[in-house]
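Report on one structure; see the data block that follows.
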Amino acid sequence: MKILILLIALLAVPSVRPQQSDLIANTEGRTTVSLNGSWQTIVDPYESGYYNYRYQPSDNGYFKNTKPKSKSDLIEYDFDSSATLNVPGDWNTQSDQFFFYEGTIWYKKSFDYQRQPNTRLFVYFGAANYFADVYLNGEKIGQHEGGFTPFNFEITKLVKDTGNYLVVKVDNKRRRDAVPTLMTDWWNYGGLTRDVKLIETPSTFVHDYLIQLQKGSRNRVGGWVKLNGEKLKQQITIKIAEAGIGKTFTTDNNGFVEIDFSADLKLWSPESPKLYDVSIEAETDRVRDQIGFRSIETRGTDILLNGRPIFLHGVCIHEEAPLRGGRAYSREDARTLLGWAKELGANFVRLAHYPHNEHMVREADRMGILVWSEIPVYWTIQWENPATLENARNQLSEMIARDKNRAAIVIWSVANETPLSDARLTFLKNLITYARSLDPGRLMSAAMERHYINDTTQMIDDPLGEYLDVLGCNEYVGWYDGLPEKADKLEWRSKYQKPLVMSEFGGDALYGHHGDAATRWTEEYQESIYQHQIGMLKKIPFLRGTSPWILTDFRSPRRPLPKIQDYWNRKGLISSRGEKKKAFYVLQRWYRELN
Ligand code: GCB
């Protein structure tokens with residue numbers, strides 16, 4: 001029976017229509033009201049605000065926000081006199097007592113809202129790590145799994161002019177069947193880690209759209225528009241005023257229409273990240289966006305941007321806040337991180353190991369930095385579990401839903417360093433097919449492993465390679481694999497005639513810790529890794545990109561070594577305090593040559 005369910009799940013043909021995700025993908029082009037700021041919170045390690053003493057979900061949990069009605073009434077919690085946490089923000093770095101906390105915290109925010117007639121209201125969460133149960137005025141409005149993608153719920157019928165209370169139970173307990181699973185090399189920052197807002201829309205509104213150059217074309221725009229509401233058949237006009245474009249389409253009875261028109265546009269590129277003001281005007285609604293147009297494809301072992309071969313010289317980035325630590329969430333964080341990548345000479349970043357906050361991709365669009373974006377299918381996911389697959393598919397669809405109109409994003413990646421097996425291949429093929437159905441325009445990749453066929457020859461022949469456009473490969477020659485000099489003699493081969501991005505390499509160094517190049521943890525050792533790596537990389541004929549590990553040091557519970565790691569992965573080219581290590585300058589020199 002289990003096998004049958006798995007087969008059905010794996011064979012289910014993904015829809016070629018846009019995903020029916022409920023996400024209002026573009027919240028930036030609409031009027032919103034922020035619910036950021038201070039939220040009342042209750043720490044609930046036993047989840048006694050959710051379960052009763054028989055461990056059954058209670059009808060009368062903390063989400064009811066009950067107050068004593070008389071002086072003898074017994075109520076054992078009170079949001080209003082409890083401590084607060086800032087939203088957006090992880091809880092671990094807001095108080096020492098939460099540093100290692102994995103469990104449930106309840107959040108409550110009160111608000112008034114005068115909804116205009118004929119409008120609808122949604123509450124939108126940029127992300128909640130990991131599982132969120134959401135309640136408004138004591139009623140459950142939904143739940144969401146996955147710590148790095150946005151979600152929203154309609155609250156039109158429940159919202160009142162005054163005295164609303166929004167309660168969210170956020171649980172970051174790791175689970176074997178989840179995505180990611182129990183073991184990762186990054187901190188499990190819990191909480192409402194991204195912006196929370198209210199979105200008011202007309203009763204029928206532009207729910208989502210894809211407006212990008214068609215695959216392989218530099219002058220034909222394609223995509224679709226989807227309406228939500230009662231008046232589903234409408235005229236829709238796409239306007240790009242600066243380019244003199246105004247094209248009108250009519251949606252079908254489901255509120256959906258495909259768009260297709262020719263346009264003479266200045267193409268987006270790292271040298272010239274041109275964004276156009278685009279407006280999507282329905283009869284009942286209007287949304288604005290800033291969209292860049294570029295083509296991305298592969299030919300043999302080349303990656304072509306706007307028809308010309310490009311080398312992606314970049315760096316990996318975790319969503320670790322620069323300087324202050326904790327989860328990054330703001331536009332300023334994004335500017336600092338991407339600014340450092342630019343200073344390094346990068347034209348490309350790999351946003352590891354999960355979809356980053358929207359500021360990162362919006363800023364990359366503005367700054368002209370190409371992006372690889374991925375979902376946290378990392379290491380040892382439960383490949384045979386249909387629920388795990390469903391979860392991964394959902395995270396993939398939410399990532400694509402939010403960011404599909406960003407020119408900067410050129411690669412979607414479905415996995416990182418996953419161990420070979422038939423079940424894993426079936427799982428990942430399913431994700432790739434699904435992603436292509438949601439977004440036919442971008443390149444698909446995965447960070448794979450490689451192996452030795454003899455002492456000096458590395459081979460890329462993971463069967464997954466057959467299904468990818470771009471091969472990704474992580475290698476740690478000089479750190480987990482021999483000493484830095486080992487790279488000098490290595491030859492690289494690939495079973496596939498496809499471009500390779502070396503998606504990780506590097507080693508740890510504590511900033512300011514010096515010694516000779518043979519001493520681990522010193523800046524000199526790390527510098528030597530980069531010197532030998534660059535020599536090796538230059539000789540790989542099918543190499544078309546690099547994203548060494550990693551831009552800045554980041555917190556990891558797997559890294560306890562006192563005085564060196566202290567729960568930080570020290571492979572950053574920049575320390576957690578913003579200090580550049582010697583290896584930064586080695587890589588910068590190479591990237592400047594490439595520029
Ligand atoms: C890897 C992982 C990355 C780790 C890194 C390391 O291969 O993809 O998440 O942090 O190695 O530092 O070991």
Side-chain angles (χ1 to χ4, degrees), residues 129 147-148 174 178-189 314-320 325 327-328 337 349-356 372-381 411 413-420 424 428 445-452 458 460 462 464 468 470-484 487 500-511 520-523 525-526 529-530 533 545-561 564-576 581 583-584 587:
N129 192 38
F148 303 96
R174 287 168 297 126
V179 181
T181 177
L182 293 173
M183 179 63 95
T184 64
D185 187 24
W186 70 82
W187 207 267
N188 185 23
Y189 290 121
V315 66
C316 290
I317 304 183
H318 253 298
E319 198 182 40
E320 186 89 25
R327 270 274 166 264
L337 292 168
V349 292
R350 173 179 174 217
L351 301 183
H353 275 306
Y354 37 74
H356 286 212
W372 155 319
S373 181
E374 66 192 51
I375 49 171
V377 172
Y378 181 92
W379 289 352
T380 52
I381 295 293
I411 294 175
S413 169
V414 292
N416 181 76
E417 285 181 3
T418 50
L420 305 190
R424 166 265 195 184
L428 296 181
S445 192
M448 302 182 290
E449 293 179 338
R450 79 302 183 232
H451 63 97
Y452 285 93
Q458 297 261 24
I460 299 171
D462 183 333
L464 183 64
L468 304 176
V470 173
L471 309 168
C473 180
N474 297 354
E475 52 92 4
Y476 282 88
V477 177
W479 187 256
Y480 298 122
D481 176 8
L483 298 176
L500 169 69
V501 171
M502 206 62 91
S503 38
E504 287 180 29
F505 57 92
D508 292 61
L510 178 66
Y511 172 78
R520 288 255 175 195
W521 314 109
T522 62
E523 285 194 46
Y525 189 105
Q526 189 191 41
I529 292 180
Y530 275 80
Q533 280 282 334
T546 47
S547 51
W549 193 252
I550 185 169
L551 183 68
T552 67
D553 291 352
F554 60 97
R555 278 207 177 86
S556 168
R558 301 182 81 236
R559 311 291 176 177
L561 186 66
I564 298 283
Q565 294 177 314
D566 294 316
Y567 297 106
W568 289 86
N569 182 313
R570 299 285 184 198
K571 294 191 184 68
L573 294 166
I574 302 180
S575 78
S576 60
K581 305 179 193 173
F584 179 95
L587 189 64

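One-based numbering, in listed order, for ligands and for the atoms of each. The figures here come from the full heavy-atom set of this structure, side chains too, leaving out hydrogens, waters and symmetry mates. From a predicted model like this one, the values you see are computed outputs, not experimental measurements.
- Counting only heavy atoms of the protein, atom 1 (C) of ligand 1 lies nearest to Glu504 OE1, 2.9 Å.
- From the protein, the heavy atom lying nearest to atom 7 (O) of ligand 1 is Glu417 OE2, 2.2 Å.
- Between Trp521 and Trp479, the two ring planes are perpendicular [angle over 60°; tilted spans 30° to 60°].
- Between His318 and Phe554, the ring-plane angle classifies as tilted under the 30° and 60° cut-offs.
- Looking at Asn188 and Asn129, their side chains do bring a donor and an acceptor atom within 3.5 Å of each other.
- In this structure, CZ in Arg350 is found 10.5 Å from OG in Ser373, a value given to the nearest 0.5 Å.
- Less than 4.0 angstrom separates some heavy atom of Arg559 from each of these atoms of ligand 1: 6 (C), 12 (O), 13 (O).
- Going from atom OG of Ser503 over to atom CG of Asn474 covers 4.0 Å, rounded to the nearest 0.5 Å.
- Neither the backbone nor the side chain of Thr184 comes within 4.0 Å of ligand 1, counting heavy atoms alone.
- Under a 4.0 Å heavy-atom criterion, Arg570 is not in contact with ligand 1.
- Here the side chains of Ile381 and Thr418 are not in contact, with every heavy-atom distance at 4.5 Å or above.
- Judged by distance alone, the side chains of Asp185 and Ser556 do bring a donor and an acceptor atom under 3.5 Å apart.
- The protein atom (non-hydrogen) at minimum distance from atom 12 (O) of ligand 1 is Lys571 NZ, 2.6 Å.
- A cation-pi arrangement is not found for Arg327 relative to Trp187, the charged atom failing to lie both closer than 6.0 Å to the ring centre and inside a 45° cone about the ring normal.
- Contacts with ligand 1 closer than 4.0 Å are made by no heavy atom of Ile550, backbone or side chain.
- Using a 4.0 Å cut-off between heavy atoms, Arg558 makes no contact with ligand 1 at all.
- Here Phe554 has side-chain heavy atoms under 4.0 Å from ligand 1, and that is the only part of it that gets that close.
- The single protein non-hydrogen atom nearest to atom 10 (O) of ligand 1 is Asp185 OD2, 2.5 Å, given as residue, atom name and distance.
- Looking at Tyr378, Tyr480, Tyr476, it is Tyr480 that brings a heavy atom closest to atom 13 (O) of ligand 1.
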